[in-house]
Chemist: 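Can you keep this structure in mind? I'll have questions shortly.
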Amino acid sequence: MKTEDHQSNRLDGQEPAQKVPQLIPGGLFIVFEGIDGTGKSTQLHLLAEKLRQLGYAVVATREPTNGPYGQKIRKLFVDRGSVSREEELELFIADRDQHVKEIIKPALSDGCVVICDRYYLSTIAYQGANGMDQDLIMKKNEDFPVPDLAIILEIEPAHGIHRIQNQRHEHPNTFEEKANLQKVAGIFSTMRQDYIERINGSDSIENVYRLVFEAVAKVLAQKTTQQVES
Ligand code: TMP
């Protein structure tokens with residue numbers, strides 16, 4: 001991804017607001033995680049919009065990216081067996097490496113709020129469910145920035161699949177099959193990092209969003225206090 005492609009991974013195509021944005025030293029890094037069909041993308045867009053209205057410079061992005069590795073990954077959704085599980089993991093890591101270097105780190109250094117749809121907890125859950133060792137996966141991710149907040153949206157796998165089929169009018173792909181999503185959900189449920197906030201994603205969009213914003217307001221307040229103290 002070159003600089004001009006930098007914009008192409010943005011989820012909304014919007015430039016930061018024209019008025020002078022409110023910048024946060026070191027930025028604020030929020031990620032949305034969970035199995036497929038939890039409503040991550042909907043919540044991410046609502047949050048990005050709200051934070052822009054509040055005057056923050058927001059970069060909304062996602063993984064897999066639209067870059068070269070992300071495009072290779074998307075091909076796996078129809079033919080997962082075309083690479084080994086080790087190669088699959090390496091593709092996600094290479095995609096993240098490029099994403100971090102070209103989009104995430106520069107935006108955080110500029111003082112933006114970066115909101116990312118999936119990050120390394122997804123690798124632990126999905127490639128872990130695919131048989132890769134979770135400690136090895138964590139080790140391969142240890143040099144990437146740690147999020148200030150990871151919101152894990154939780155729903156029953158059957159509910160997630162129902163949403164994929166009925167709301168998005170799509171057939172679940174290989175990553176989204178029920179047995180796989182059950183394993184993935186099981187791994188997400190064991191995660192204990194202190195930056196994780198779990199929210200029940202099966203409630204209405206408005207109710208889920210209220211909890212999402214509460215969690216974000218808490219980390220924003222912490223960052224502001226740190227700023228005042230330092
Ligand atoms: P999505 O764009 O609909 O969220 O789909 C991305 C798919 O990629 C989803 O099934 C989860 C999977 N995935 C992994 O397996 N490992 C990862 O590290 C990431 C970021 C996504």
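Just so we're clear, the structure is a prediction, and the values are computed from it rather than from any experiment. Heavy-atom basis, side chains included; hydrogens, waters and symmetry copies ignored. Ligands are counted one by one from 1 in listed order, and the atoms in each one are counted from 1 as well.
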Chemist: Suppose we measure from atom 3 (O) of ligand 1 to each protein heavy atom; which comes out shortest, and what is that distance?
Modeler: Asp36 OD2, 4.1 Å
Chemist: Out of the candidates Val114, Leu51, Leu28, only one should pair with Val58 under the side-chain contact (heavy atoms from CB on, under 4.5 Å) rule; please name it.
Modeler: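 Testing each of Val114, Leu51, Leu28 against Val58, the sole residue satisfying side-chain contact (heavy atoms from CB on, under 4.5 Å) is Leu51.
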Chemist: Examine the proximity of ligand 1 to Arg96 and report which part, side chain or backbone, both or neither, has a heavy atom under 4.0 Å away.
Modeler: side chain
Chemist: Within ligand 1, which atoms have a heavy atom of Pro64 less than 4.0 Å away?
Modeler: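 The list of qualifying atoms is 6 (C).
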Chemist: Decide side chain to side chain contact (heavy atoms under 4.5 Å, CB included) for Leu220 and Leu54; before the verdict, give the C-alpha distance in whole Å, the side-chain angles of both, and the deciding distance to 0.1 Å.
Modeler: CA-CA 12 Å; Leu220 262 173; Leu54 292 174; 5.5 Å; no
Chemist: Any salt bridge between Glu33 and Lys40, counting N to O under 4.0 Å?
Modeler: no
Chemist: Can Asp79 and Lys75 be counted as an ion pair, charged N to O under 4.0 angstrom?
Modeler: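 No, this pair does not count.
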Chemist: Charged N to carboxylate O under 4.0 angstrom, Arg118 versus Glu63?
Modeler: no
Chemist: What protein heavy atom sits nearest atom 12 (C) of ligand 1, and how far away is it?
Modeler: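 Result: Phe175 CD2, 3.7 Å.
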Chemist: Starting from atom 2 (O) of ligand 1, find the nearest protein heavy-atom neighbour and note its residue, name and distance.
Modeler: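 Sorting protein heavy atoms by distance from atom 2 (O) of ligand 1 puts Arg74 NH1, 4.1 Å first.
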Chemist: Give me the nearest non-hydrogen protein atom to atom 14 (C) of ligand 1 as residue plus atom name, then the distance to 0.1 Å.
Modeler: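 Residue, atom and distance for the closest contact: Phe92 CZ, 3.2 Å.
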Chemist: Numbering the atoms of ligand 1 from 1, which are under 4.0 Å from a heavy atom of Gln127?
Modeler: 14 (C), 15 (O), 16 (N), 17 (C), 18 (O)
Chemist: Among the heavy atoms of Glu88, does any lie under 4.0 Å from an atom of ligand 1?
Modeler: no
Chemist: Could you check atom 4 (O) of ligand 1 against the protein and tell me its nearest heavy-atom contact, residue, atom and distance included?
Modeler: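 Protein heavy atom at minimum distance: Arg118 NE, 2.8 Å.
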Chemist: I'd like to know if the side chain of Asp36 and the backbone of Glu176 have a donor-acceptor N/O pair within less than 3.5 Å.
Modeler: no
Chemist: Against the six-membered ring of Tyr119, is Arg96 placed for a cation-pi contact (under 6.0 Å from the centre, within 45° of the normal)?
Modeler: yes
Chemist: Among Tyr119, Tyr126, Phe77, Tyr120, whose heavy atom sits nearest atom 8 (O) of ligand 1?
Modeler: Phe77
Chemist: Can you tell me which residue and heavy atom of the protein come closest to atom 18 (O) of ligand 1, and the distance to 0.1 Å?
Modeler: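 Ranked first by proximity to atom 18 (O) of ligand 1 is Thr123 OG1, 2.6 Å.
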Chemist: Walk me through whether Arg80 and Glu88 qualify under salt bridge (Lys or Arg N to Asp or Glu O under 4.0 Å).
Modeler: CA-CA 8 Å; Arg80 198 174 190 179; Glu88 179 183 296; 2.8 Å; yes
